[in-house]
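Structure first, then comments.
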Amino acid sequence: MPELNFDAFTCPLPISQHDRIVMGHGSGGKMTSELIERLFLPLFDNPHLAKLDDQAVLDFSSLRLAFTTDSYVVSPVFFPGGDIGRLAVNGTINDLAMSGARPLYLSAGFILEEGLALADLARIAASMRDACQAAGVTLVTGDTKVVNKGSGDQIFINTSGIGLVPDGVNISANQARPGDRVIVSGPIGVHGIAIMSVRAGIEFETQIESDTAPLHGLVQAMLEVTPRIHCLRDPTRGGLASTLNELAQASRTGIVIDEQRIPIPPEVRAACEILGLDPLYVANEGKLVAIVPPDKAEAIVARMRAHPYGHEATVIGGVVAEHPRMVVMKTRIGGTRVVDKMAGEILPRIC
């Protein structure tokens, strides 16, 4: 195994005040939250943005439209299980799906660095086409810009999406209630470790591939059990830990999870031990977190397990009235520990 450069994967713990953007601001953890809440929210304050969901649900006459936008800066742009193009399509579809929406249309903006091979761009564009066709969405508009060599890193992609939200569905981060159950759709940490294994040259007996996938079909199956799903999130940047903290804070509730019930593949656990990482903070793609009423949890999990993207779904904990805005984990050895948001950036350029 090649010598690992740990400095490539971690940044120093942040200090509380900055007059410049640092990598930690893109972590999806504490510094990202502070940037949004202290800079962007005061400037653009409105009820839709204040929910801090991954999309906005907008009412137009008899229609409810979900609208989202995201940017992708993955390094490397090709990785086991996918590439930046497939990730951009699936990631935007999933942000729409987390509102219960049926994704319909996407846009794509490409920022290309001078010197990017046209063959690589064609491969990425073809991957996006294939992902759109597989998900049943249409890319209807876009834009292309080129920057000087050295001003970018091959390619950055911004995608926006629109979808339709069914009547009777009201999914948002602020809807969790004490007694609710917390579900994850499958093993965590796979995408982040797939990226990291390429960067670090770590090899396993079985290659770890990114699990990027469109989740709107899985969400539709869950809604067929009940429209009363309270919260949905795809735990991308910041991993499962940051996502649960966002839901607890938005709903002003506490969340308790059981370490033994969290599905972590052996290869992910082994890689995290080598690199000194906590798999709870490793980025995911193709996975979702659901908070659902307790009387529907068993039926929802059963339906998820019948779907290709949810066959390892499991309840990992529940929502409580105690310790509001805090996530606590029952450990394997019988103790408890607070699971806080990530403080810095453990792996930049991940999604």
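When side chains are defined from C-beta on, Met222 counts as touching Leu232, because their heavy atoms get closer than 4.5 Å. Using a 4.5 Å cut-off on side-chain heavy atoms (C-beta onward), Ile124 and Ile84 make contact. Looking only at side-chain heavy atoms (C-beta outward), Leu164 and Leu65 come within less than 4.5 Å of each other. In this structure, the side chains of Pro214 and Tyr309 come closer than 4.5 Å at one or more pairs of heavy atoms. Contact check for Ile291 versus Gln175: no side-chain heavy atoms found under the 4.5 Å cut-off. Within the 4.5 Å cutoff, the side chain of Pro263 has heavy atoms near those of the Ile316 side chain. Within the 4.5 Å cutoff, the side chain of Leu277 has heavy atoms near those of the Met196 side chain. By the 4.5 Å heavy-atom criterion applied to side chains, Met98 and Thr68 are not counted as neighbours.
Grouping the Ile, Leu, Val, Met, Phe, Trp and Tyr side chains by contacts below 4.5 angstrom, directly or via other members, places Val289 with Val319. Under the 4.5 Å side-chain heavy-atom criterion for Ile, Leu, Val, Met, Phe, Trp and Tyr, Leu49 and Leu39 are members of the same hydrophobic cluster. One hydrophobic cluster, built from ILVMFWY side chains closer than 4.5 Å, holds both Val169 and Leu215. Val57 and Leu104 fall into different hydrophobic clusters, where Ile, Leu, Val, Met, Phe, Trp and Tyr side chains are chained together by heavy-atom contacts under 4.5 Å. Val328 and Val182 end up in different hydrophobic clusters when Ile, Leu, Val, Met, Phe, Trp and Tyr side chains are linked at under 4.5 Å.
The CG atom of Leu288 lies 12.0 Å from the SG atom of Cys231; values are rounded to the nearest 0.5 Å. Of the inter-residue distances, the one linking Ile257 atom CD1 with Arg261 atom CZ reads 12.0 Å to the nearest 0.5 angstrom. Put simply, CG on Asp130 and CE on Met128 are 11.0 Å apart, with the number rounded to the nearest 0.5 Å. Atom CD of Glu113 sits about 9.0 Å away from atom CG of Asn148, to the nearest 0.5 Å. Taken to the nearest 0.5 Å, the CD1 atom of Ile93 stands 6.0 Å off from the SG atom of Cys132. Here CZ of Phe110 is found 9.0 Å from OG1 of Thr159. Values are rounded to the nearest 0.5 Å.
The nearest pair of heavy atoms linking Leu218 to Ser185 is CD2-CB, 4.0 Å. Between Ala194 and Glu209, the shortest heavy-atom contact is CB-C, 3.9 Å. Pairing each heavy atom of Asn94 with each of Gly286, the nearest pair is ND2-N, 4.3 Å. Shortest non-hydrogen contact noted between Ser127 and Asp83 is OG-OD2, 2.9 Å. Between Gly152 and Val147, the shortest heavy-atom distance links the atoms N-CG2, 4.1 Å.
Shown here is Phe78, whose CZ atom has more than 12 heavy atoms of other residues, nucleotides or ligands within 6.0 Å. In Asp167, the CG atom is not crowded: 12 or fewer heavy atoms of neighbouring residues, nucleotides or ligands sit closer than 6.0 Å. Annotation for His311: atom NE2 does not count as buried by contact number, only 12 or fewer foreign heavy atoms lying within 6.0 Å. In this structure, Gln133 places its CD atom where more than 12 heavy-atom neighbours from other residues, nucleotides or ligands lie under 6.0 Å away. Around atom CG of Leu63, more than 12 heavy atoms belonging to other residues, nucleotides or ligands sit under 6.0 Å away.
Partner His191 forms a side chain to side chain contact (heavy atoms under 4.5 Å, CB included) with one of Ile193, Ile188, Ile195 and no other, that one being Ile195.
With hydrogens and angles disregarded, no donor-acceptor distance shorter than 3.5 Å links the side chain of Asn170 to the backbone of Gly168. In this structure, His307 contributes its side chain and Met304 its backbone to no donor-acceptor pair below 3.5 Å. Proximity of a side-chain donor or acceptor of Gln55 to a complementary backbone N or O of Asp95 within less than 3.5 Å is detected. Between the side chain of Asp143 and the main chain of Gly109, no donor-acceptor pair closer than 3.5 Å is present. One N or O on the side chain of Asn284 and one on the backbone of Pro235 form a donor-acceptor pair closer than 3.5 Å. The backbone N or O of His25 lies less than 3.5 Å from a partner atom in the side chain of Thr32, making a donor-acceptor pair. A donor-acceptor pair under 3.5 Å links the side-chain atoms of Asp180 to the main chain of Arg177, judged by distance alone. Judged by distance alone, with hydrogens and angles left aside, the side-chain atoms of Ser99 form no donor-acceptor pair with the main-chain N or O of Ile171 at under 3.5 Å. A distance-only check finds no donor-acceptor pair linking the side chain of Asp234 to the backbone of Lys287 [under 3.5 Å]. The backbone N or O of Val292 sits nowhere less than 3.5 Å from a side-chain atom of Arg228 that would complete a donor-acceptor pair.
Annotation: side-chain contact (heavy atoms from CB on, under 4.5 Å) contacts of Arg337 (sequence neighbours excluded): Asp278, Leu280, Met329, Thr331, Val339.
Ion pairing of Arg237 with Asp70 is absent here, as no side-chain N (NZ or NE/NH1/NH2) approaches a carboxylate O to less than 4.0 Å. Using a 4.0 Å cut-off between a side-chain N of Lys or Arg and a carboxylate O of Asp or Glu, Asp54 and Arg233 qualify as a salt bridge.
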Check against side-chain contact (heavy atoms from CB on, under 4.5 Å), Val219 and Ile229: CA-CA 10 Å; Val219 172; Ile229 295 173; 5.7 Å; no

CA sep, side-chain torsions, deciding dist, call: Leu106, Val137, side-chain contact (heavy atoms from CB on, under 4.5 Å): CA-CA 7 Å; Leu106 301 182; Val137 301; 4.0 Å; yes

Derivation of the side-chain contact (heavy atoms from CB on, under 4.5 Å) call for Val73 and Asp153: CA-CA 8 Å; Val73 293; Asp153 189 355; over 6 Å; no

Intermediate values then yes/no, side-chain contact (heavy atoms from CB on, under 4.5 Å), Lys30 and Asn245: CA-CA 10 Å; Lys30 285 185 177 180; Asn245 272 278; over 6 Å; no

